[in-house]
Amino acid sequence: MIINPIGVAALSQREILRFLSVASQTIFPPIVTSILYLYIFGVAIGQRVDFSYFGLSYLNFIIPGIMTMHIISSAYENTSSSLFIARWHNHIQEVLLAPLSYFEMVLGLLAGGVARGVLVAVGVFTVASFFTPVAILHPCVLVYFVLTISVIFSCAGMIGALWAEDFSMLNLWHIYLIVPAIFMGGVFHPLQILPRMVQVISVFNPMYYLVSGMRYSLTGVSDVPLASCAVFSFFMTFSFFFVTVYLFKIGYKLRT
Amino acid sequence: MRNSEIAISLLKVTKFYNKLQALDNVSFEVKRGDFFAFLGPNGAGKTTTINCLTGLSNHQSGEIKVFGYDATRDYVQSRRLIGLCAQEFNFDPFLTIHQLLVYQAGYFGILPMEASRRADALLARFQLTEKRNCKHRALSGGMKKRLLLCRALIHDPEILILDEPTAGCDLELKFLIWDYLAQLNKEGKTIFLTTHNMEEAEKLCKTIGIINHGKIVRIGDKKTVLQDKSLEAVFLEVTGAE
């Protein structure tokens, strides 16, 4: 329950303005990278890939995955860097001393990650529209997945920022866990083309469900039933959110 | 705020940093409107006490209350009543000093218009108006001290906790801060001051508590604690320092 809405709004505003003030480092790079992915994989290589059995062009197949990949990276990077720097400079005390419940603190801090994730998703979608007509077959499903993915990885970023002791540790999860999982989660390929063994392993990859959910929302096509993707992302969202609130409550690396 | 005449109450508070005991059954009370000096040598437990009181540290046992609100259970209510002027300069490096104060007020539930008005008034009071749109890195050490005070006061707290507020200040700034603190206390604010400056404590405070090795070794009103001696002499006597 929110008992200090002005406090949450102030914290959210600070987090959102922080990344907007450096948009050239936070918003535009994923959009530029998306253009490169779309051109090289979607246009240059994709035109030579026969994807007709999937009912989509290869370019249309990879757009939802690229959107998911950048939502994840943006949300994670936003909260992890913001919270870690606040710990590093110790101005996290400004928040810890405030009359905000731990639930409200997490809500305010993740607002930046969610807003950045949403903005990047809109940006990637917009540039993709210049390459090929992109329809949104299920807009509500799209909103659901964009928001849940943003919340999950904003919370993951905060957990990473609490765990990290220095800047090198801050990106470990992202580099060695999240990025490989995204690439193996069906951004550029359908599960069916992988060897049987890898297919079995992929079923345990959380990104696979998130990418599939996003793909369904745009194209109506998915490797996995929508209900499984939706339930999975809902469960992940609540789990990550409440773990983060719990870490704030016990003061994990925040209080001595 | 609960109708309590006791602003701060600690009862048998114990705090360990791993195996090191920083606070050992610390108990004391600070009355509403008091000007309380909390003294002790380096590492005695002054900042740890403040951190436990404000929720920046977890204590292992004991009870801390702020105007009757339990600092652990009712932390939202108790934090609303406290303004902390910390020892270190821990400002958000991305914000101007005006933004910094407005956001801080926002966290305490103050709307932006009112927050901006208060920020401007405090910046003027502490002669920082010219630096309004600068980031804290552009300020001198003394200006940063004043900014810490502004931040602690932006939500008009009932209790002002000051952790060595005049350390490293020149004489002019020290007197400015002393005058302001005396005025705030006269207006009814409860002030909790830690300092190594005996003159400061003796001049400003009504009640004195001395902590050493995590234990309260002397506490009482100024007259009782001093007993016609200087504060420095009493301090050396009870802390065993030479």
Side-chain angles (χ1 to χ4, degrees), chain A residues 1-23 25-26 78 81-109 111-112 162 245-256, chain B residues 15-18 20 22 47-48 50-59 66 69 72 74-96 99-115 136-137 148 151-152 154-155 157 161:
Chain A
M1 195 174 68
I2 297 176
I3 49 174
N4 182 359
I6 299 170
V8 177
L11 187 53
S12 305
Q13 188 189 8
R14 190 194 74 175
E15 291 301 305
I16 292 168
L17 290 182
R18 187 194 305 284
F19 80 76
L20 285 179
S21 68
V22 282
Q25 296 164 45
T26 54
N78 200 78
S81 60
S82 177
L83 181 56
F84 185 77
I85 290 169
R87 275 184 63 212
W88 191 265
H89 287 277
N90 207 16
H91 66 260
I92 188 65
Q93 283 191 2
E94 292 174 354
V95 177
L96 297 176
L97 290 167
L100 292 158
S101 66
Y102 301 116
F103 177 87
E104 291 171 328
M105 285 180 198
V106 172
L107 210 57
L109 289 169
L162 292 176
V245 172
Y246 176 73
L247 294 177
F248 270 74
K249 189 177 177 186
I250 62 168
Y252 176 69
K253 296 196 183 174
L254 288 170
R255 294 199 293 272
T256 49
Chain B
K15 164 77 185 166
F16 285 89
Y17 291 110
N18 296 319
L20 176 75
T47 301
T48 300
I50 289 176
N51 287 348
C52 290
L53 188 53
T54 53
L56 294 176
S57 280
N58 295 325
H59 55 283
V66 177
Y69 291 111
T72 307
D74 311 318
Y75 64 95
V76 173
Q77 290 88 340
S78 74
R79 286 176 198 175
R80 198 179 288 281
L81 301 168
I82 296 175
L84 173 66
C85 177
Q87 213 178 108
E88 57 172 332
F89 303 130
N90 54 354
F91 303 112
D92 187 333
F94 301 102
L95 302 175
T96 66
Q99 286 174 324
L100 199 141
L101 295 177
V102 170
Y103 279 121
Q104 188 68 20
Y107 305 154
F108 282 83
I110 298 164
L111 286 165
M113 288 268 280
E114 171 62 11
H136 86 271
R137 287 178 200 277
L148 280 173
R151 191 175 66 181
I154 191 75
H155 59 286
I161 299 178

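Naming convention: chains lettered A, B, ... in sequence-line order (proteins, then strands); numbering from 1 in each chain.
Side chains of P99(A) and Y75(B) form no contact here, defined as non-hydrogen atoms less than 4.5 Å apart.
When atom types are taken as modelled, the side chain of N4(A) and the backbone of Y107(B) share a donor-acceptor pair closer than 3.5 angstrom.
In this structure, the portion of Y17(B) lying under 4.5 Å from any heavy atom of chain A is its side chain and not its backbone. Contacts of E104(A) with chain B are absent, with no heavy-atom separation under 4.5 Å from either backbone or side chain. Contacts between E88(B) and chain A at a heavy-atom distance below 4.5 Å involve the side chain alone, from C-beta outward. Looking at Y103(B), both its backbone and its side chain come within 4.5 Å of chain A, counting heavy atoms on both sides. Proximity to chain B (any heavy atom under 4.5 Å) is shown, for R14(A), by both the backbone and the side chain.
Residue-level contacts of residues 82-90 of chain A with chain B, in order of numbering, are I85(A), H89(A), N90(A); threshold 4.5 Å between heavy atoms.
Chain A forms more heavy-atom pairs under 4.5 Å with one residue of L56(B), V76(B), I110(B) than with any other, namely L56(B). The candidate with the highest count of non-hydrogen atom pairs below 4.5 Å against chain A, out of N58(B), L84(B), L111(B), L100(B), is N58(B). With respect to chain A, the highest number of heavy-atom pairs below 4.5 Å among K15(B), R79(B), Q104(B) belongs to R79(B).
Listed here is the closest heavy atom pair of N90(B) and Q93(A): ND2-OE1, 2.9 Å. The minimum heavy-atom distance linking D92(B) with R18(A) is given by the pair OD2-NH2, 3.2 Å. Residues F108(B) and A98(A) share a closest heavy-atom pair of CZ-CA, 3.8 Å.
Identified under the salt bridge (Lys or Arg N to Asp or Glu O under 4.0 Å) test for residues 246-256 of chain A, with sequence neighbours left out: E165(A)-K253(A).
The CG atom of L96(A) sits 10.5 Å away from atom OG of S57(B), with the distance rounded to the nearest 0.5 Å. Distance check, rounded to the nearest 0.5 Å: CG of L97(A) to NE2 of H155(B) gives 8.5 Å.
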